[in-house]
Amino acid sequence: MAEYLYEKDLREMKYIIITSPLHEVVMSELAVHYSLGRQVLRRKMINECDMSFLENIPARYEVWKAEDSVRDPVERQLGMRLLTVYIPMLPPEEMKAVEMGVRSQISEGIPEAEAYESGMDSIREMIRR
Amino acid sequence: MKRTVDVSLPIGPVHPVFKEPCRIKCETRGEYVLNAEIELGYVKKGIERIMRGRPWQEVMFLAERVCGICSVIHNMVFIEGMELIAETALPDRAAYLRVIVNELDRIQSHVLANYSYCYTIEHETLAMYLLNLRETAMDALERITGARVTCAYIIPGGVRFDLSDADARYLREAVDTIDRELNRFVHMFTTGSLIALRSKEIGILTRDEAIEAHAVGPTARASGIAHDCRLDHPTYRRLDFSPVVYTEGDNYARIMVRFDEIFQSTELIRRCLDRMEPGIIRGGSEVIAGTSRWVGEAPRGELTYQITTDEFGRVTDIGIRTPSIMNIEACVHYMLIGVLSAADVTSTYISSDPCIACNER
């Protein structure tokens with residue numbers, strides 16, 4: 001892809017997009033769910049998504065919320081499809097590894113809350129990266 | 001957009017088939033499109049920012065200036081959002097008049113969208129016929145509201161002007177003309193073998209992809225999703241409305257959904273005229289502090305307004321989600337990927353009826 005001078009840094013425009021009132025609703029819910037700062041989430045999204053994707057994040061988040069209610073609890077708690085399909089911030093294979101880890105911990109008898117927390121720790125680490 | 005490919009193909013921001021400026025960047029191998037990205041921001045208005053802190057009497061005019069093509073629905077959704085906060089009751093006659101104006105706006109928008117598509121696939125004859133037909137809808141809109149665009153017809157508690165018997169007769173003749181002429185043009189479209197070659201099985205958006213990107217409006221309904229916000233609207237529910245759905249998900253289906261919706265709109269206008277009783281066209285109440293989220297079906301799909309007001313009726317916060325945001329994203333990330341020819345990139349893009357003015361609100 002050819003590089004154009006004005007394409008080198010779109011961060012400012014992207015930041016304006018993801019600080020709209022509708023985006024703020026999504027950011028606050030995600031920040032609470034993953035115990036992360038909004039700016040950390042915003043930075044990850046700016047790095048990983050193009051502008052049309054960022055514009056569409058509130059709609060995609062709503063679709064995930066509607067869809068995810070019928071999926072299994074581990075996927076729902078970790079937000080597997082949210083972070084890999086609906087808002088693709090994290091690599092699917094790494095998320096799969098996190099999911100498998102949580103499942104194996106649960107099958108080994110570790111309390112669910114503890115297993116989810118360790119999974120969330122890994123996700124937080126990946127988002128901060 | 002980091003892979004090394006044969007050809008990097010930028011289209012726009014100024015291009016003969018684009019009504020508004022945007023740039024589509026395609027990674028291609030030969031003419032096969034591997035990846036695409038869209039760049040907007042050439043005509044950003046910052047209208048949400050301008051609205052904040054202003055009284056609703058000013059914001060209602062700003063709302064319809066978000067988009068010139070579908071200004072009526074922006075006006076309608078904002079006002080209905082305000083009515084939700086103020087708990088305003090709407091007179092029956094005003095409710096039907098709102099639907100009539102909204103459907104006329106939908107007709108002209110759909111005709112314009114299909115005109116653009118025909119123009120893009122080099123069928124200029126049909127394109128010009130359609131553009132001429134659009135004037136019939138625009139004239140009817142002007143006769144009822146006093147303006148072709150940004151007519152500020154819908155106001156809190158009702159509508160601005162009543163419809164006289166002469167206007168109603170004029171409107172019936174206009175929708176009859178639209179039906180008659182459009183039948184001819186749809187026949188031209190469906191029997192044109194070259195049109196089929198440029199439209200069928202091109203730019204496919206599957207049902208799952210449409211759900212994933214939250215595609216809305218005719219773009220989603222052409223992919224088999226039977227969702228239309230008019231189904232949840234109190235006035236449309238009284239009119240026995242049901243959405244037009246196709247399952248092919250290609251350019252052809254998207255155009256045909258719009259053609260069918262034009263026939264549906266003319267029928268809805270007739271039903272409104274038949275059921276409308278004489279009566280008042282304005283109610284009233286007082287705007288109070290509150291928050292509302294109201295959704296309406298714009299010609300391109302689901303339009304959402306999230307409004308917060310203070311006790312003086314000032315809009316303290318507002319978020320507008322226009323349908324083109326979802327449809328452009330679906331187009332760029334799904335429909336364009338795998339398109340076999342660079343010429344089909346523009347036609348596929350136009351078939352999703354993108355509105356840059358809506359996006360650059």
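Throughout, a chain's letter reflects where its sequence line sits, starting with A, and its residues are numbered from 1.
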Taking every non-hydrogen pair under 4.5 Å, which of B/V332, B/T304, B/D317, B/T308 racks up the most with chain A?
B/D317
Only pairs of heavy atoms separated by less than 4.5 Å count here; which of B/R293, B/E48, B/R49 has the most with chain A?
B/R293
Under a 4.5 Å heavy-atom cut-off, does chain B meet the side chain of A/E24, its backbone, both or neither?
neither
Top contributor to chain B interface from A/V25, A/D50, A/V85 [non-hydrogen pairs under 4.5 Å]
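Highest number of heavy-atom pairs under 4.5 Å: A/D50.
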Side chain, backbone, both or neither: which part of B/Q306 has a heavy atom under 4.5 Å from chain A?
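Only the side chain of B/Q306 comes within 4.5 Å of chain A.
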How many angstroms lie between atom [atom1] of [X] and atom [atom2] of [Y], to the nearest 0.5 angstrom?
| X | Y | atom1 | atom2 | result |
| --- | --- | --- | --- | --- |
| B/N359 | A/M51 | CG | CE | 10.0 Å |
| A/R81 | B/E212 | CZ | CD | 6.5 Å |
| A/Y86 | B/I211 | OH | CD1 | 7.5 Å |

Using every non-hydrogen atom in the two residues, find where [X] and [Y] come nearest and quote the distance to one decimal.
| X | Y | answer |
| --- | --- | --- |
| B/M326 | A/N56 | CG-OD1, 3.0 Å |
| A/P58 | B/R321 | C-NH1, 3.8 Å |
| A/A59 | B/H214 | O-CD2, 3.5 Å |
| A/S52 | B/H333 | OG-CE1, 3.5 Å |

Crowded around A/E93 CD? As in, over 12 foreign heavy atoms under 6.0 Å?
yes
